[in-house]
Amino acid sequence: MSFLFACKEPSTTKIEFVVKQHGIQHTCDERQTLMWFVSEFKSENALSIKPSHFSSNSVALIGANCEKSSWQVELNANDLDGEKLSFAMAVPFNENHLNPLTAASPLNISEMFWSWQLGHKFFRFDGDNDFAFHLGSTGCKSASRLRAPSAQCTYPNRYRFELAQFDVQKPVILDLDRLLSEVDRSRSCMSEQANEICQQLFSNLTTKIFYQE
């Protein structure tokens with residue numbers, strides 16, 4: 001007697017991200033650069049990411065180009081509908097300071113890298129009027145800019161966001177208007193602690209800039 005066993009693909013959940021700017025939702029505006037990393041997804045337990053061109057099993061890059069695939073993350077989980085879902089806008093410390101020349105995608109994208117010492121830009125927005133906001137860790141100590149720190153940076157600048165009841169049928173919105181609320185865009189922010197524009201942005205990052213509607 002013989003038995004046949006079918007190999008079943010693990011269940012996954014796709015998350016689509018969109019941007020709300022000037023009250024309008026979109027996923028692509030070629031007049032500006034907008035990209036960010038997401039990682040450390042968690043519901044009841046930690047969730048891994050299905051690797052793709054723009055993601056590894058631990059971190060994904062959103063908004064890499066105008067392709068739809070760069071605005072989605074596929075999690076190795078099912079039955080997330082109605083569940084609490086949280087994630088970080090950051091690169092995990094143990095991956096943040098790796099050699100970008102040998103790192104796998106999406107950590108090999110040069111536009112999102114500062115240096116071995118500082119690591120990656122977790123969020124990058126280059127808008128109009130020469131305003132830019134690049135979020136990443138600062139106060140990172142190592143022998144030189146070409147060496148990775150052995151301990152956490154003084155200012156990790158990692159932010160977590162939570163959806164109280166995730167709806168699998170709806171996109172997750174990044175509200176750029178909320179992020180830039182009350183921000184003086186006459187000067188840019190490169191995550192400097194002494195920059196008052198950065199301080200306003202850091203404060204806005206603690207508000208509900210990710211949500212569904």
Side-chain angles (χ1 to χ4, degrees), residues 15 17 19 33-49 54-64 70 73 75 84-100 103-126 132-142 145 147-164 166 172-176 178-181 183 188-211:
I15 301 175
F17 285 88
V19 175
T33 298
L34 177 60
M35 297 186 284
W36 69 93
F37 285 110
V38 288
S39 63
E40 299 174 345
F41 283 87
K42 186 176 182 180
S43 184
E44 290 185 3
N45 300 297
L47 304 172
S48 64
I49 300 170
F54 297 107
S55 64
S56 67
N57 64 0
S58 57
V59 61
L61 179 62
I62 306 300
S70 73
V73 176
L75 300 180
K84 179 171 67 174
L85 181 67
S86 66
F87 58 91
M89 187 164 72
V91 175
F93 176 76
N94 64 341
E95 298 183 72
N96 192 33
H97 305 275
L98 300 178
N99 183 348
S105 181
L107 299 181
N108 59 354
I109 297 175
S110 60
E111 294 93 334
M112 296 296 285
F113 193 74
W114 269 335
S115 67
W116 276 2
Q117 186 182 56
L118 294 176
H120 294 267
K121 304 168 187 177
F122 305 149
F123 177 91
R124 176 173 180 168
F125 175 66
D126 299 332
F133 172 37
H134 296 180
L135 176 71
S137 297
T138 59
C140 308
K141 297 177 181 178
S142 63
R145 288 176 58 84
R147 294 290 182 270
S150 58
Q152 289 276 0
C153 303
T154 304
Y155 304 105
N157 291 334
R158 303 169 188 275
Y159 292 86
R160 269 198 92 74
F161 303 91
E162 182 178 295
L163 304 171
F166 174 62
V172 176
I173 298 167
L174 165 62
D175 196 319
L176 208 55
R178 291 186 182 181
L179 176 60
L180 300 177
S181 176
V183 173
S188 294
C189 165
M190 297 292 116
S191 296
E192 308 97 332
Q193 286 296 312
N195 185 336
E196 60 186 19
I197 295 171
C198 291
Q199 289 301 320
Q200 181 63 57
L201 286 160
F202 295 156
S203 176
N204 291 352
L205 281 164
T206 65
T207 66
K208 193 176 180 181
I209 63 168
F210 285 99
Y211 58 87

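Because only heavy atoms are used, hydrogens play no part in the values below, and waters and symmetry mates are left out as well, while side chains stay in.
For the pair Leu118 and Arg145, the minimum side-chain heavy-atom distance is below 4.5 Å. Counting only heavy atoms from C-beta outward, the side chains of Val38 and Ile15 never approach each other to under 4.5 Å. By the 4.5 Å heavy-atom criterion applied to side chains, Leu75 and Leu85 are counted as neighbours. Pro106 has its side chain within reach of Val59: a pair of non-hydrogen atoms, C-beta onward, lies under 4.5 Å apart. Inter-residue side-chain proximity for Ile49 and Phe41 is flagged as met; some heavy-atom pair is nearer than 4.5 Å. Using a 4.5 Å heavy-atom threshold, the side chains of Phe37 and Leu107 count as touching.
For Arg124, the salt bridge (Lys or Arg N to Asp or Glu O under 4.0 Å) partners at least two apart in sequence or on another chain are Asp126. Glu40 is linked by a salt bridge (Lys or Arg N to Asp or Glu O under 4.0 Å) to Arg160, counting only residues two or more places apart in sequence or in another chain. Legend: residues meeting salt bridge (Lys or Arg N to Asp or Glu O under 4.0 Å) with Arg178, ordered by chain and number and at least two apart, are Asp175. In this structure Phe161 satisfies the side chain to side chain contact (heavy atoms under 4.5 Å, CB included) test together with Phe87, Met89, Tyr159, Leu205, Ile209, Phe210, sequence neighbours excluded. Residues meeting the ring pair (Phe, Tyr, Trp, His ring centres under 6.0 Å) test with His134, sequence neighbours left out: none. Applying the side chain to side chain donor-acceptor pair (under 3.5 Å) criterion to Ser142, with sequence neighbours excluded, gives Gln117. Looking at residues two or more places apart in sequence or on another chain, you find no ring pair (Phe, Tyr, Trp, His ring centres under 6.0 Å) involving Phe125. With sequence neighbours left out, the side chain to side chain donor-acceptor pair (under 3.5 Å) criterion links Tyr155 to no other residue. With sequence neighbours excluded, the residues forming a side chain to side chain donor-acceptor pair (under 3.5 Å) with Ser56 are Ser58, listed by chain and number. Phe93 meets the ring pair (Phe, Tyr, Trp, His ring centres under 6.0 Å) test with His97; sequence neighbours excluded. Under the side chain to side chain donor-acceptor pair (under 3.5 Å) criterion, Asn108 pairs with no residue at all, not counting sequence neighbours. Among residues two or more places apart in sequence or in another chain, the ring pair (Phe, Tyr, Trp, His ring centres under 6.0 Å) test is passed with Phe122 by none.
Residues Phe113 and Lys121 approach most closely at O-CE, 4.0 Å, considering heavy atoms. Scanning both residues, Trp114 and Ser137, for their nearest heavy atoms gives CZ3-O, 3.9 Å. Thr138 and Cys153 make their closest contact through O-CB, 3.4 Å (heavy atoms, listed as atom of the first residue, atom of the second, distance). The shortest non-hydrogen separation linking Glu95 to Val91 is C-CG1, 3.9 Å. Taking each heavy atom of Ala60 and Val73 in turn, the nearest pair found is CB-CG2, 3.8 Å.
For the pair Asn195 (side chain) and Met190 (backbone), a donor-acceptor distance under 3.5 Å is absent. Between the side chain of Arg147 and the main chain of Lys141, no donor-acceptor pair closer than 3.5 Å is present. Using modelled atom types, no side-chain atom of Asn157 and backbone atom of Ala90 make a donor-acceptor pair closer than 3.5 Å.
Atom CG of residue Leu135 and atom CG of residue Leu201 lie 9.0 Å apart, to the nearest 0.5 angstrom. To the nearest 0.5 angstrom, Asn96 atom CG is 13.5 Å from Trp116 atom CH2. The distance from the CG atom of Leu163 to the NZ atom of Lys208 is 8.0 Å, given to the nearest 0.5 Å. Atom CZ of residue Phe123 and atom CD1 of residue Ile62 lie 12.0 Å apart, to the nearest 0.5 angstrom. Rounded to the nearest 0.5 angstrom, Gln199 CD and Cys189 SG are separated by 8.5 Å. Remark: Ile197 CD1 to Ser188 OG distance equals 7.5 Å, nearest 0.5 Å.
By the neighbour-count criterion of 12 heavy atoms within 6.0 Å, atom CD of Gln152 is densely surrounded, having more than that number from other residues, nucleotides or ligands.
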